[in-house]
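As structure tokens, the structure follows; a few thoughts come after it.
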Amino acid sequence: MTAQAGRREWIGLAVLALTSLLVSIDVFVMLLALPHLAADLGATSTQQLWITDIYGFVLAGFMVTMGTLGDRIGRRRLLLIGAAGFGLASVAAAYSTSPGMLIAARALLGLAGATLAPSTLALISNMFTDARQRGLAIGIWLAFFMGGAALGPIAGGAMLEHFWWGAAFLLGVPAMLLLLVLGPMLLPEYRAPVPGRLDLTSVALSLAAILPLVYGLKEIAKDGVGATPIAAMLLGLAMAWLFVRRQRTLAHPMLDLNLFAGRAFNTALGAMMTGTLLMGALMLFLTQHLQLVENLSPWAAGLWMLPAVAASGVSFLVSPLLARRIRPAYLIGYGLAVSVTGLLLITQVDTTSGPVLLTTGWALINLGAGPLVTLSTDLVVGAAPPERAGSAAALTETSGELGFALGIALLGSLGAALYRGALSLPAGLTPAEEASSRDTPAGALATAADLTGPAGQALMETARGAFTTSLNTVAGVAAAALALTAVLIARLLRHVPSPASAHADGQESGQEAAEPCVPTRGGGSG
């Protein structure tokens, strides 16, 4: 009989959830702080790009390594080390005196951040060994984590009105102090019984695989397809092949390839990546539309996103409860149908419809995404044996990072091409004004603001119309792809039972039908 979690485990989860909320807010606040810190530190455009991107590069590159390291040295120990590092790096970032210092601090933040999510998810799997409780715990943690991402711009707007830009980096410090004080008392320790040593060659190969892939995708998103990003991605794929070959030869591999033997594990991991690709990247289009087309301030745009935050929180919390009676395949499929409905609503947005239709569609997208995110995470983490939970958790986070980067590259490039194709520039613009207007909608509106007479108004209208057209088309493409994804998930996961039916049938073995929902566990509570 699987042990039930008690008061200590739920209080421990509250600490982890609150920490994730504040850290998530802290990371996304930086986007609003960038113009202020760039002016204060005198950062060039290239330095601003590094300030923005270095965190994601390091985070994605070290996620798998840190997940495996936690399995070996202890997940609580690594979490606390990461918390201390994140707090110190946050202080260094807040009081940076030069762009180089801030870039270095952001890199350290990414390194420390790579320890947090995999360790947290792995500890949740240790604390909540009952499949039904674990699903709810993951849903609660995700609700806080994703809520922080949405509340970040709102908190950032409020803070930047009253404090200097460095205060944006200090939000995570109290959370890390809380974790350092309460973590040793409330969180269990767990490490693999036979951990083996960490293979440094595998670490190097994993970095050489992930970093060029992320770099190539980001470059495609910014400048379109070119020789350099394609070469970087091919290099990353070659390094990934070498990494996989090496894992097959090691007695204690950094990444256990046996995890990929189960169909449910692979389907859930692929679903996470595809869902993030199609839905996560669309958020950038929506926030730009609210500010560029609806002419809202960042603060007002953030407030209009609150319905989506609420829908996301409800979905993350309710999905694990519904999953106790409804098979994951069907629940994820029903949820994605709701998300597709939201995407179809966004295809009807125009330049005069106001923010209500747009935010309603985004709220439906978030409402329907809950089952995909929570159940896929639980399927991946729950399918792994206790000694590999850190590696499995790292894979979910890495797939999300790659999915978001790929979504920005693919959907962002599609949106940019559609915008340029729909743009009809008025006569009389200089070559520089034409180039700026075709580059981005923001560039077109900035150019329009500098023009006088009918030309400025005409440019503003055509830019807003062209961007809305690109938003409509991208949403339609995402809706079609997400509908196909829902059908595939329903087919591939149709044999996976709900936790309740698995308990009723006594299926607590590692059989593929039950492996994700009722995994075999042995003394994982530390």
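Scope of the values below: all heavy atoms of this structure, side chains included, with no hydrogens, waters or symmetry mates.
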Between V15 and L187, is the side-chain contact (heavy atoms from CB on, under 4.5 Å) condition met? List the steps.
CA-CA 9 Å; V15 173; L187 303 176; 5.8 Å; no

Would M305 and L290 count as a side-chain contact (heavy atoms from CB on, under 4.5 Å) if you check the C-alpha gap in whole Å, the side-chain angles of each, and the deciding distance to 0.1 Å?
CA-CA 10 Å; M305 301 301 286; L290 288 172; 3.6 Å; yes

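Between R8 and M185, the closest heavy-atom pair is NH2-O, 3.2 Å. Between L186 and G12 the shortest heavy-atom distance is CB-CA, 4.0 Å. Taking both residues in full, the closest heavy atoms of G216 and M233 are given as CA-CG, 3.8 Å, listed atom of the first, atom of the second, then distance. When all heavy atoms are compared, the tightest approach of L317 to L321 is O-CG, 3.8 Å.
One N or O on the side chain of T341 and one on the backbone of A337 form a donor-acceptor pair closer than 3.5 Å. Counting only distance, with no hydrogens or angles, the side chain of T374 and the backbone of G370 share a donor-acceptor pair below 3.5 Å. Side-chain atoms of T249 come within 3.5 Å of backbone N or O of R246 as a donor-acceptor pair. Looking only at distances, no side-chain donor or acceptor of S312 sits under 3.5 Å from a matching main-chain atom of A308. Of the possible polar contacts, one joining the R327 side chain to the R494 backbone as a donor-acceptor pair under 3.5 Å is found. For S319 (side chain) and F316 (main-chain N/O), no donor-acceptor pair under 3.5 Å exists by modelled atom type.
Around atom CZ of R491, no more than 12 heavy atoms belonging to other residues, nucleotides or ligands sit under 6.0 Å away. Enclosure of atom CZ in F285 by more than 12 non-hydrogen atoms of other residues, nucleotides or ligands within 6.0 angstrom is indicated.
Here the straight-line distance linking atom CZ of R324 with atom CD of Q133 works out to 7.5 Å at 0.5 Å rounding. Between F128 atom CZ and I140 atom CD1 the span is 7.5 Å, to the nearest 0.5 Å. Between the CG atom in L282 and the OG1 atom in T276 there is a gap of 13.0 Å [rounded to 0.5 Å].
A 4.5 Å side-chain heavy-atom check between F86 and L109 finds at least one atom pair inside the cut-off.
Applying the side chain to side chain contact (heavy atoms under 4.5 Å, CB included) test between I332 and each of I326, T267, T485, L372 identifies L372 as the sole match.
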